[in-house]
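By convention in this document, chain letters (A, B, ...) are assigned in the order of the sequence lines, proteins followed by strands, and residues within each chain are numbered from 1.
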Protein chains: 2
Amino acid sequence: MQSKSNAKKRETTIAKQLAEELGVSVSTISRAFSPRAVIASETREKVLQRAKELGYQPNPFARSLITRKTNIASIIVSDITNPFYPEVLTRLTDSLQELGLNVMLFVSTNANDSDNIVSQALRYQPDVLIALAATVSSKAASKVTEAGASMVYFNRYVPNESVYTVTCDNYLGGQVIADFFLDNGCRYPAFISGLADATTNRERWKGFSERWLERAVSEPRKVEAGRFAHEAGFNATIKLLAGRVRPDAIFAANDLLALGALDAVQKAGLSAPKNVSIIGFDDIAMASWSSHSLTTYRQPVNKMITATVDIVKSILADKAQPPAAIHIPGELVVRSSAKIANMGRG
Amino acid sequence: MQSKSNAKKRETTIAKQLAEELGVSVSTISRAFSPRAVIASETREKVLQRAKELGYQPNPFARSLITRKTNIASIIVSDITNPFYPEVLTRLTDSLQELGLNVMLFVSTNANDSDNIVSQALRYQPDVLIALAATVSSKAASKVTEAGASMVYFNRYVPNESVYTVTCDNYLGGQVIADFFLDNGCRYPAFISGLADATTNRERWKGFSERWLERAVSEPRKVEAGRFAHEAGFNATIKLLAGRVRPDAIFAANDLLALGALDAVQKAGLSAPKNVSIIGFDDIAMASWSSHSLTTYRQPVNKMITATVDIVKSILADKAQPPAAIHIPGELVVRSSAKIANMGRG
DNA sequence: GTGAAAGCGCTAACAT
DNA sequence: ATGTTAGCGCTTTCAC
């Protein structure tokens, strides 16, 4: 049957053609494409130019079969409904591309799947793996090290394991927000928790509640929204407002939850910051829209990406770098969803 | 220097080990992993099980070097600030994974780059390329065909070229929105245009303006926002409202623009739908939030993804499938940002 | 500085 | 049903 459409038959490979046409050997062609190979620069020029005309580039599969470097970075994400991540994903990919890495993308839809997805990713022997907002089981994590690969966790922290981690300083963020509420006269704080297991969620709560208890007697309430989503934040807040003591300060584990909280407050006939102050976490684009004007703790995306890329570079250079956890401070962006006390000047 | 960290030295390859241990040849190992190869099922079982224990999987590079199938799908995206696309990206990736394809991700940051990015993608000889919300030059497009690969355009239309295209029926959407405005008594329509070159943008405007002119005498105004972004929609609307004749109906080329328009209307001391009706396009998650409650034309994401995956399947099965353009109708989701006329019943 | 030869890990004829 | 052989497209010793 084999119709004519099977274009790739036997055309003596472009590389060989090229070699013949230029009167050199295939090795020379190869050397022309290896920046560090010894070759007369004129020869290289000649080869490279003609190759460009022909649209020839060395086959990366054949190449990595022998070099044992794939130039592949695998990014593993779980479901990214949070608008914070798409930007991170594209910018990270862009940066990695500039490093000469090609990105393979793996999404793990349900948490159970993550182990599976990791071994899938490992098949391509990536030079480096990056877990983006994905929680990876320690079983899967050890598979990675077994395979001799390195993994960088972006915005997830793996406790008790020696791994590369880049996160915003979530604990500090929680503290800063507690301070802000306290400094501005709030008394009855509540925390809306997103994905309970996520380390981001836990650290933010930890910083917030610990700082609060250091400075005040009241204890922050905590309500589980279950997910990082607008609707979840909305529902949690409705529940919160129906309680006996209405909170006057709500810290939501991320902006999506906080925006849900804002809507719930309005739905309840109240308003922020008049009746209740609301602060989120991330500083996604929507937070600054005038319809929301959300006070939030901004994640230092640029620095986080730079730090990640630096780690990747060091891994590429020498796998023996010791893993380190990097926590980068963000900054509180004050908008109108949280009240500011009238404090006398001077 | 070569420190000990260079874990991969010479361990006779797992495949050979396996073969020896099981007393079979490497070909048999290979056959066990080829679902359609002839091999005794017991032998296969035996191999597969032991392989699993050892964590062995065939090296995809070596494999595709000979099979000339890479099992790779390359997705090319441009900057995806529109929250519509992350979801598409992850779900598409997920579906492709289920098909046994691995996804390579390429982002083209500035438009000039797109040609470059395409040839980058082509190096890996993907079984199929998918352009996601990315405008690819026809030069780059022909490179793809030259390389014997197939490309599917998601939400972009390439005029005058025979390619695989899956889009929402943008023209129809524009018409439906014009009809809605007209049926509900609007008289002075305006269109907020996003990325002027994007085919989505153009088709929506075309459907909208043509239908309007069919049914009414007034001609829709059109203002260029330049990008698909909240701020751009905001600014465009401010300009629009400052004009001599204030529009009573605004169709924004996508939801992000429409949400910006909503904020601008409020900023101007007006309100939707009282003073002006606003309709967007996409139905992103935020559109349904009570703080926005945006009437919008919903893109049939599920169907669009399914259609794309179906095309990919057919390409995988036989490259000679004739290219086709698929335009899938969406549906108008009526919320409170656009007024509904009191029309008598019965 | 360059060519010849070997071989990366695998699959696909061709035997048996 | 399985083993043997050849070779995918490249890089890398090793000669020269």
Requested in this report: Classify the nucleic acid contact of A:T28 as base, sugar-phosphate or nothing, counting any heavy atom under 4.0 Å across all strands shown.
Outcome: sugar-phosphate
Report summary line: Between A:P58 and B:R44, the residue closer to the 5' end of DNA chain D by nearest nucleotide is B:R44
Query raised in the report: Would A:F33 and A:Y56 count as a close aromatic pair, with their ring centres under 6.0 Å?
Result: yes
Report summary line: Among C:dT2, D:dC8, C:dG9, the one nearest any side-chain atom of A:I39 is C:dT2
Requested in this report: Check every strand shown and say whether B:F33 touches a base, only sugar-phosphate, or nothing at a heavy-atom separation below 4.0 Å.
Outcome: nothing
Report summary line: Which of D:dT2, D:dG9, C:dC10 is nearest the side chain of B:A15? It is C:dC10
Query raised in the report: Within the structure shown, what part of the strands sits under 4.0 Å from B:S25 by heavy-atom distance: base, sugar-phosphate, or nothing?
Result: base
Query raised in the report: When all nucleic acid strands are considered with a 4.0 Å heavy-atom cut-off, which category describes B:S64: base, sugar-phosphate, or nothing?
Result: nothing
Requested in this report: Give B:S30 one of three labels, base, sugar-phosphate or nothing, depending on what nucleic acid heavy atoms sit under 4.0 Å from its own.
Outcome: base
Query raised in the report: Taking A:I315 as the fixed residue, which of A:D127, A:L129, A:V128 is the one that meets the side chain to side chain contact (heavy atoms under 4.5 Å, CB included) rule?
Result: A:V128
Query - Distance-only donor-acceptor check, side chains A:T167 and A:N155, under 3.5 Å - result: no
Report summary line: By nearest-heavy-atom nucleotide on DNA chain D, the more 5' of B:G23 and B:I66 is B:G23
